[in-house]
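Each remark here refers to the structure printed beneath this line.
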Amino acid sequence: MEAKKIDIWVIALAIVAYGIVNLFHLMPKEFYFENMIMLSLLFAAGLLSYFSGMIFALGMAAVVIFFYGSYVMYGNVVLGNPVESHVYYWIVFVPLIAALSATLGGRIRKVQTDNMKLTREFEEFVTVDQHTGLDNVKAFYGVLNQHMGLSRRFKLPLSLMLVNLTYYDDVRGIVGPERMRDILKAIGEQMVQFTRTEDCSYMLEDGRTFALLLFTNREGALVVKERIKEGMKRFNLDNSAKPVSIKTELRIGITEYEDHEQDVLGFRKAAEKDMEYDF
């Protein structure tokens with residue numbers, strides 16, 4: 001609905017501007033310099049009003065009319081010049097253009113503000129990584145907290161696995177950002193393939209680290225680790241010039257939930273610390 005209103009204001013502004021330009025050519029030639037100055041002031045007022053708002057627009061239009069009216073009054077009273085019809089045109093058109101431009105600019109800014117607000121709200125509620133299709137870090141912490149609660153209550157084994165691509169920046173420099181996203185997606189698919197349905201896979205906030213929540217002990221997680229590493233042992237990468245064969249190495253950290261006093265951040269930190277020793 002707001003877009004239709006903007007269209008109406010744009011059409012109205014275009015019609016008025018078209019009429020002003022045509023009237024300018026029909027005005028008496030002896031007042032050409034005066035009319036040229038007023039036409040320039042009119043469009044300047046319209047541009048400034050578009051970015052400034054209605055109050056500034058009306059104030060600026062009042063200032064222009066005041067000085068122009070003073071000039072006309074001086075010519076009429078002191079010099080005895082008659083008041084021509086084009087004077088009334090400028091007195092009407094200057095505030096009209098300023099008001100139309102200010103209204104149009106205000107409505108467009110409102111649409112932009114609403115769009116940015118909706119975009120922020122959308123980002124807050126999105127729980128899926130757009131490149132890999134895995135759940136993102138927002139879903140990760142929520143599910144991790146639930147799984148830790150289930151593990152404590154029902155004495156279920158729970159392990160957290162973090163997976164990171166070694167030499168990420170170097171590989172990205174070789175294949176480019178588009179191909180890099182394909183590689184990350186392939187790694188995510190491998191993790192889903194080598195885990196059970198009840199296990200969960202995630203892409204964390206840095207865009208390069210994967211997380212897996214496994215209902216198993218450390219020994220079972222080590223089996224999954226070896227399967228993932230074998231599956232990604234060699235990955236053929238290509239760039240625009242020629243195929244490039246690169247050994248895709250993964251660093252994987254594993255921690256088992258044994259300390260029931262540990263929170264979600266401490267659980268993650270333990271897995272990150274274990275990943276530092278994976279060579």
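A 4.5 Å side-chain heavy-atom check between L213 and V143 finds at least one atom pair inside the cut-off. With a 4.5 Å cut-off on side-chain heavy atoms, F210 and L162 do not count as touching. Side chains of Y68 and L41 form no contact here, defined as non-hydrogen atoms less than 4.5 Å apart. The shortest distance between side-chain heavy atoms of M180 and Y168 falls below 4.5 Å. Between L212 and T195, some side-chain heavy-atom pair lies under the 4.5 Å cut-off. Proximity of Y202 to L134: side-chain heavy atoms (C-beta onward) are nowhere separated by under 4.5 Å. A heavy-atom distance below 4.5 Å is found between the side chains of I183 and V175. By the 4.5 Å heavy-atom criterion applied to side chains, M161 and T255 are not counted as neighbours.
Dense packing is recorded around CG of L118, with more than 12 heavy atoms of other residues, nucleotides or ligands lying under 6.0 Å away. Atom NZ of K185 is surrounded by 12 or fewer heavy atoms from other residues, nucleotides or ligands within 6.0 Å.
No chain of hydrophobic side-chain contacts below 4.5 Å, direct or via other Ile, Leu, Val, Met, Phe, Trp or Tyr residues, connects F93 to M54. Using a 4.5 Å cut-off between side-chain heavy atoms of Ile, Leu, Val, Met, Phe, Trp and Tyr, with links allowed through other members, I108 and F56 fall into different hydrophobic clusters. Cluster annotation: M60 is not connected to L100 through the hydrophobic network of ILVMFWY side chains, with a link wherever side-chain heavy atoms come within less than 4.5 Å. Side-chain heavy atoms closer than 4.5 Å link hydrophobic residues (I, L, V, M, F, W, Y) into clusters, and following such links, possibly through other members, connects L184 to I174. In the hydrophobic clustering of this structure, F267 groups with F154; members are Ile, Leu, Val, Met, Phe, Trp, Tyr whose side-chain heavy atoms approach within less than 4.5 Å, directly or through other members.
Between D274 and R251 there is no salt bridge, since none of the side-chain N atoms of the basic residue sits less than 4.0 Å from a carboxylate O of the acidic one. A salt bridge is defined here as a Lys NZ or Arg NE, NH1 or NH2 lying under 4.0 Å from an Asp or Glu carboxylate O, and K229 with E226 fails to meet this definition. Salt-bridge formation is not detected for the pair E219/K225: no Lys NZ or Arg NE/NH1/NH2 atom is positioned less than 4.0 Å from an Asp or Glu carboxylate oxygen. A salt bridge does not link D114 to K117: none of the charged side-chain nitrogens sits closer than 4.0 Å to a carboxylate oxygen. Salt bridge R208/D169: present, at least one basic N to carboxylate O contact under 4.0 Å.
Between atom CG of residue L42 and atom CG of residue L47 there is a gap of 10.0 Å, rounded to the nearest 0.5 Å. In this structure, CD1 on I65 lies 11.5 Å from OG on S70, to the nearest 0.5 angstrom. Taking CG of D135 as the start and SG of C200 as the end, the distance is 7.5 Å to the nearest 0.5 Å. Here the straight-line distance linking atom CD1 of I252 with atom CD1 of I228 works out to 5.0 Å at 0.5 Å rounding. Taking CZ from R179 and CZ from R172, the interatomic distance works out to 14.0 Å, rounded to the nearest 0.5 Å. In this structure, CG on D182 lies 10.5 Å from NE2 on H131, to the nearest 0.5 angstrom.
At a cut-off of 3.5 Å, with distance as the only test, a side-chain donor of T209 or N164 sits close to an acceptor on the other residue.
Of the possible polar contacts, none joining the E256 side chain to the N217 backbone as a donor-acceptor pair under 3.5 Å is found. For the pair D170 (side chain) and Y167 (backbone), a donor-acceptor distance under 3.5 Å is absent.
Nearest heavy-atom pair, A57 versus A98, reported as atom, atom and distance to 0.1 Å: CB-O, 3.6 Å. Nearest heavy-atom pair across G46 and S101 is O-CB, 3.1 Å.
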Just do the side chain to side chain contact (heavy atoms under 4.5 Å, CB included) check on I187 and L250 with the steps written out, would you?
CA-CA 9 Å; I187 297 174; L250 301 177; 4.0 Å; yes
Evaluate R152 against E258 for salt bridge (Lys or Arg N to Asp or Glu O under 4.0 Å), listing each step before the verdict.
CA-CA 9 Å; R152 288 192 301 268; E258 297 176 324; over 6 Å; no
What verdict does the side chain to side chain contact (heavy atoms under 4.5 Å, CB included) test give for M203 and V128, after you've listed the backbone C-alpha separation in whole Å, the side-chain angles of each residue and the deciding distance to 0.1 Å?
CA-CA 9 Å; M203 169 62 78; V128 177; over 6 Å; no
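Between H147 and Y257, the distance separating the two ring centers is not shorter than 6.0 angstrom.
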